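The figures that follow rest on heavy atoms only: side chains count, while hydrogens, waters and symmetry mates do not. What you see is a predicted model, and the numbers here were worked out from it, not measured in a lab. Chain letters run A, B, ... following the sequence lines, proteins first, then strands; residues in each count from 1.
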2 protein chains.
Amino acid sequence: MSTVSEIGENRLVQLLTEKLPGREDVVKGVGDDCAVVLPAPRGWLQLLKTDCVVEGVHFLREHAPEQVGWKAMARVVSDIASMAGEPQHALVTLVLPPDTQVSWVERLYDGLQRCANLFNIALVGGETSSGNQLVISVSLAGRVKTTRCARRDGAREGDAIMVTGKLGGSQGGHHLTFIPRLSEADWLADNARLHAMMDISDGLAKDLPRMALASGVEFVLEESSLPVHLGCTREQAWSDGEDYELLLAVPLRAARRLESAWSRKFPETPMTCIGRFVPVGHGVKPSFAGHGWDHFGPAR
Amino acid sequence: MSTVSEIGENRLVQLLTEKLPGREDVVKGVGDDCAVVLPAPRGWLQLLKTDCVVEGVHFLREHAPEQVGWKAMARVVSDIASMAGEPQHALVTLVLPPDTQVSWVERLYDGLQRCANLFNIALVGGETSSGNQLVISVSLAGRVKTTRCARRDGAREGDAIMVTGKLGGSQGGHHLTFIPRLSEADWLADNARLHAMMDISDGLAKDLPRMALASGVEFVLEESSLPVHLGCTREQAWSDGEDYELLLAVPLRAARRLESAWSRKFPETPMTCIGRFVPVGHGVKPSFAGHGWDHFGPAR
């Protein structure tokens with residue numbers, strides 16, 4: 001049982017990167033000052049995203065490191081999904097206390113790699129540093145066809161507010177094992193008349209107002225419609241966060257047809273209309289007390 | 001004097017991002033799930049790089065936050081430079097203890113932004129998290145013309161080993177204020193017969209062997225030739241690290257002409273031949289004891 005300080009940085013990086021699968025658009029992966037990849041062809045836009053998970057905030061030391069790695073990668077995949085994009089190239093930065101077991105880091109990488117493999121993502125580089133708290137930061141580059149790019153600022157007055165899956169109670173385990181809605185988002189870009197889309201990471205309580213604000217509208221929630229995970233209250237579904245479900249705005253008259261087409265394509269996953277977007281001044285404040293996740297103290 | 005926990009995450013992000021300058025190839029910067037940018041045109045390759053600075057490792061709390069921000073951005077610019085590339089789009093992840101002063105974070109961002117502005121980089125997104133140790137992680141996307149991309153694995157037997165600037169003693173302040181060698185690298189890509197190039201971040205003692213190993217050669221150092229910062233020993237120039245100078249391999253017969261062309265173009269900055277690459281089995285171990293910077297304990 002070695003620690004990272006016993007084997008040193010060069011050997012650690014070698015251990016973690018010697019078996020990384022590639023992609024045909026990777027010119028040079030790990031091992032130079034930068035990764036070198038082919039740019040997206042004409043007609044595509046490039047997507048860039050970065051995110052991190054921090055010990056004691058997004059995971060605990062007693063969690064399985066494979067799950068921590070999975071989560072770190074899956075979170076950024078969820079963001080690429082919410083633009084209706086395709087993930088391609090990931091960079092991973094690890095901040096590790098010197099007494100971290102090498103086996104812990106290898107298992108973390110197994111989790112990162114499993115998620116990367118599922119979505120055909122190449123790990124093309126990264127960085128390691130010592131520190132006194134575990135931090136895993138993942139940057140992901142992807143692409144989306146120009147005509148399909150889904151943004152969060154396009155919701156219109158009268159649009160139906162839809163969510164995939166069920167919400168709430170993610171801290172029971174879902175936050176470590178969720179599968180990002182990449183194929184669902186891909187299908188939606190082809191089959192729904194998407195005005196706006198984003199993922200729900202900080203909780204509907206934080207993310208729905210963000211979509212409304214970005215779009216210049218307000219919203220009326222049908223509180224009784226919230227799709228709730230078994231054992232959760234509607235309040236939890238509203239404010240727990242880490243659901244990684246998709247939140248979308250579609251024309252109200254297209255919502256019913258979308259629901260039925262969706263249920264044939266994804267019979268295991270609900271698609272629920274939870275309210276509608278309304279003009280500024282006509283929104284209704286939900287009755288729930290929770291305000292979603294805020295990293296720095298009391299939500300407001 | 002507010003702390004980040006007093007103002008909350010939404011307000012903090014708003015404060016930091018409300019005045020960010022753009023670039024014409026940015027379709028959507030801060031404010032959606034991903035940044036959206038135009039891909040590089042035909043004939044270019046994409047460069048991806050991520051790095052981080054950690055409190056207590058790369059900087060101390062008593063350092064000026066503007067300098068910490070400058071350093072965090074300048075480090076990744078140095079990596080893009082060492083591929084002879086052009087930096088374009090940056091993502092910034094901040095891990096902040098909740099009691100961090102908002103003014104500290106604003107000054108950090110001033111430093112990040114100053115460096116970004118100097119090199120025409122757009123800050124297009126990022127993430128914030130709470131944590132118990134300050135971490136600033138910067139991801140940078142850039143591009144390089146396919147015909148110009150400089151790698152570290154192209155050094156050949158007989159090549160001259162050249163370095164820009166002077167080495168050693170960076171901890172005296174240079175590591176916080178250095179200007180990445182972007183314009184120098186750009187000039188070198190046009191004017192030197194570059195076989196390989198990289199930047200010196202972990203010390204010549206770590207980085208020169210890396211270039212040799214990647215290129216399948218060994219090296220003989222002319223120890224007396226090392227360009228040394230005033231007040232430093234040659235041993236420090238060999239192993240201190242954080243120089244952010246360029247290390248290059250050029251054909252021996254082109255080295256002299258390069259030195260004179262360089263000195264006309266960059267009269268303030270030395271360009272020094274410090275040895276040559278040799279076939280495997282013919283390398284000579286330097287007499288210095290230092291081994292460069294290793295994040296995880298004793299270098300080996």
Side-chain angles (χ1 to χ4, degrees), chain A residues 4-9 12 27-28 31-40 44-52 54 56-57 79-80 82-83 85 89 91 93 95-96 98 124-133 135 137 139 141 143 149 151-153 198-199 214 294-297 299-300, chain B residues 4-6 8-9 12 27-28 31-40 44-52 54 56-57 79-80 82-83 85 89 91 93 95-96 98 124-133 135 137 139 141 143 149 151-153 198-199 214 294-300:
Chain A
V4 295
S5 77
E6 283 162 1
I7 69 167
E9 189 176 3
L12 177 69
V27 178
K28 176 71 184 174
D32 214 314
D33 295 84
C34 299
V36 186
V37 302
L38 298 180
W44 295 71
L45 295 169
Q46 167 140 55
L47 302 174
L48 299 170
K49 176 64 189 178
T50 192
D51 200 0
C52 67
V54 178
V57 179
D79 284 302
I80 297 278
S82 70
M83 312 292 290
H89 308 113
L91 304 169
T93 296
V95 179
L96 305 171
V124 293
E127 195 64 31
T128 54
S129 173
S130 53
N132 59 27
Q133 183 180 31
V135 177
S137 174
S139 296
R143 62 183 189 173
C149 183
R151 291 165 57 150
R152 70 168 63 165
D153 60 4
M198 67 186 290
D199 74 335
D294 191 300
H295 270 292
F296 303 111
R300 62 221 62 216
Chain B
V4 295
S5 78
E6 282 162 1
E9 189 175 2
L12 177 68
V27 178
K28 177 70 185 174
D32 213 314
D33 295 84
C34 298
V36 185
V37 302
L38 298 181
W44 294 72
L45 295 167
Q46 167 141 54
L47 303 174
L48 299 170
K49 175 63 190 179
T50 192
D51 200 0
C52 67
V54 178
V57 180
D79 283 302
I80 298 276
S82 70
M83 313 293 290
H89 307 112
L91 304 168
T93 295
V95 179
L96 304 171
V124 294
E127 195 64 32
T128 54
S129 173
S130 52
N132 58 28
Q133 181 179 31
V135 178
S137 172
S139 295
R143 63 183 189 174
C149 185
R151 292 165 57 151
R152 69 166 64 163
D153 59 3
M198 66 185 289
D199 73 336
D294 191 299
H295 270 293
F296 302 111
R300 60 219 63 216

To the nearest 0.5 Å, how far apart are [atom1] in [X] and [atom2] in [Y]?
X: A:Gln133; Y: B:Asn132; atom1: CD; atom2: CG; value: 3.5 Å
X: B:Leu47; Y: A:Cys34; atom1: CG; atom2: SG; value: 5.0 Å
X: B:Leu48; Y: A:Leu48; atom1: CG; atom2: CG; value: 7.5 Å

Contact class of B:Thr128 relative to chain A, heavy atoms under 4.5 angstrom
both
If you take all heavy atoms of [X] and [Y], which pair is closest and at what distance?
X: B:Gly131; Y: A:Val54; value: CA-CG1, 4.2 Å
X: B:Gln46; Y: A:Pro39; value: N-CD, 4.2 Å
X: B:Thr93; Y: A:Asp51; value: OG1-N, 4.4 Å
X: A:Gly126; Y: B:Lys49; value: O-NZ, 4.5 Å
X: B:Thr50; Y: A:Ser139; value: OG1-OG, 4.1 Å

Name the member of [options] that forms the most heavy-atom pairs with chain A at distances under 4.5 Å.
options: B:Val95, B:Val27, B:Val135, B:Asp199; value: B:Asp199
options: B:Ser129, B:Ser82, B:Gly31, B:Gly85; value: B:Ser129
options: B:Asp32, B:Val57, B:Leu38, B:Asp79; value: B:Asp32

Which atoms of [X] come close to chain B, meaning under 4.5 Å heavy atom to heavy atom: side chain ones, backbone ones, both, or neither?
X: A:Leu12; result: side chain
X: A:Met198; result: both
X: A:Val37; result: both
X: A:Ala40; result: both

Residue from A:Ile80, A:Val124, A:Leu45 scoring the most non-hydrogen pairs under 4.5 Å with chain B is A:Leu45
Checking B:Asp153 against A:Lys28 for the side chain to side chain contact (heavy atoms under 4.5 Å, CB included) test, could you report, in this order, the C-alpha distance in whole Å, the side-chain angles of both residues, the deciding distance, and whether it holds?
CA-CA 11 Å; B:Asp153 59 3; A:Lys28 176 71 184 174; 3.8 Å; yes
